[in-house]
Amino acid sequence: TKALAIRPEHTTGMSATRVRLRIPLRDDLSLAQVGFSAASNLADLALLKMPGGYELSNGVFTLAVERDALQMSGQGTVSGVPLQLSWKRDFQAEPDAPGDSLTIRGRATEKQWQALGLPALPPVRGAVEMAVSIDAYKNGARRGAARFDLTAVAIDLKEIAWHKASAVPAEMKLTFQTEANGGTFIDYWDVSGGGLNARGRAKFDPTAGLVSLHSDEFAFGATRLMVDLTALPDGGYRLDLKGPSMDLRPFVPGWGDTA
């Protein structure tokens, strides 16, 4: 619980633990020469007041501890959302290497997504399948990658007139890094399916929100564009569009109708 920054009184559950010591038989034995490892099976695990304000219940995990690392994997309900979790902490990580690595798999509705404190999704109806991996560094920075299967959800993104029905295949992929001050840079994002193909990068400020967005490919219907969106100092955004075609019919009712 110390490694997780959790107080023992906020932890309940059952465990079966096995400890192994490797002690060389020699007169000049030092503590560094003593090998240590432990493994636990955890059931009905509940963790209250976890870092980030989360709560874990119904946890079933295996835990392995050695001198230089701790690994934990299994499944549980985090803030009401059933998830599969895998976590590793490297006690001797170099400064430029991640100290913690976390993998999350599961499915969440829009309300469950909000309960996890994740960035808002476009308006969706249904559950999103997700797989997220995050590496955390000692300086507070984080790097990660994620894939979201949007097939089971219906999406209404009026800003670009994208309306995807449930059961129509679609997915979103991205890689990201978060600085210690909370700034987030999405190195690469890609959305495909339901007639839309778009990819690019984006930058977010922890206070101001979206700072910039670039798409080197935005293909939807008859539209083929490159997009640059930049926040202005006094509010609002500057939008630059370049490309061979832009279909305005979804935004102008009656355009193209014949008498």
Side-chain angles (χ1 to χ4, degrees), residues 52 78-86 101-136 141-179 182-206 209-231 237 239 241 243 246-247 250:
V78 179
S79 298
V81 185
L83 297 172
Q84 293 181 342
L85 305 170
S86 176
S101 297
L102 177 67
T103 300
I104 304 171
R105 296 180 182 273
R107 65 196 310 263
T109 64
E110 185 176 11
K111 289 185 178 180
Q112 290 175 324
W113 191 269
Q114 294 171 356
L116 292 173
L118 298 173
L121 282 173
V124 300
R125 297 186 302 277
V128 177
E129 296 278 353
M130 59 180 175
V132 182
S133 60
I134 302 171
D135 290 335
R142 298 181 180 182
R143 296 179 182 174
R147 178 184 179 275
F148 306 97
D149 187 344
L150 307 175
T151 299
V153 302
I155 301 176
D156 291 306
L157 194 55
K158 297 179 180 179
E159 291 80 359
I160 61 173
W162 186 37
H163 307 288
K164 188 195 81 68
S166 176
V168 174
E171 70 172 1
M172 177 173 64
K173 297 180 291 185
L174 58 86
T175 60
F176 62 90
Q177 52 183 307
T178 302
E179 300 172 349
T184 300
F185 182 67
I186 299 180
D187 310 271
Y188 177 80
W189 58 265
D190 181 297
V191 180
S192 61
L196 172 66
N197 286 283
R199 65 185 184 189
R201 59 184 183 273
K203 185 176 182 180
F204 294 85
D205 180 85
L210 179 63
V211 175
S212 63
L213 181 145
H214 171 78
S215 175
D216 50 16
E217 178 188 358
F218 184 90
F220 181 51
T223 297
R224 299 290 186 274
L225 291 174
M226 294 178 60
V227 179
D228 273 300
L229 183 70
T230 307
Y237 292 91
L239 177 63
L241 304 174
M246 180 174 180
D247 186 359

Once you round to the nearest 0.5 Å, how far does CG of L174 lie from CG of D190?
9.5 Å
Distance in Å, K203 NZ paired with L213 CG, rounded so as to fall on 0.5 Å steps
13.5 Å
All heavy atoms of A170 vs all of D149, minimum pair found to be O-OD1, 3.4 Å
M130 and A108 have their tightest heavy-atom pair at CE-CB, 4.2 Å
Judged by atom type as modelled, is there a donor-acceptor pair below 3.5 Å linking the side chain of S166 to the main-chain atoms of A152?
yes
Across all chains, not counting sequence neighbours, the salt bridge (Lys or Arg N to Asp or Glu O under 4.0 Å) partners of E129 are R107
So, does S215 use its side chain to make a donor-acceptor pair with the main chain of R199 at under 3.5 Å?
yes
What I want to check is whether the side chains of E217 and N197 have a donor and an acceptor closer together than 3.5 Å.
no
Here the pair of heavy atoms bringing G194 nearest to V168 is CA-CG1, 3.9 Å
Between A231 and L210, which heavy-atom pair has the shortest distance, and what is it?
CB-O, 3.8 Å
To the nearest 0.5 Å, what is the distance between CG on L241 and CG on L239?
4.0 Å
Closest non-hydrogen atoms of E110 and V124, given as atom of the first, atom of the second and distance, are OE1-O, 3.4 Å
Between D247 and F220, does a side chain to side chain contact (heavy atoms under 4.5 Å, CB included) hold up when you go through it step by step?
CA-CA 9 Å; D247 186 359; F220 181 51; over 6 Å; no
Heavy atoms of D187 and R201 approach each other most closely as O-CB, 3.5 Å
Can you name the residues that form a salt bridge (Lys or Arg N to Asp or Glu O under 4.0 Å) with R105, not counting sequence neighbours?
none
Atom pair CG/OG of L102 and S86 - distance to nearest 0.5 Å:
7.5 Å
Spacing of CD belonging to E171 relative to CZ belonging to F148, to within rounding of 0.5 Å
11.0 Å
Within the side chain of T178, is there an N or O that forms a donor-acceptor pair under 3.5 Å with the backbone of R142?
no
Enumerate the salt bridge (Lys or Arg N to Asp or Glu O under 4.0 Å) contacts for residues 154-165, please, sequence neighbours excluded, ordered by first and then second residue.
R125-D156
Value for CG (L196) from CD1 (I160), rounded to nearest 0.5 Å, stands at 5.0 Å
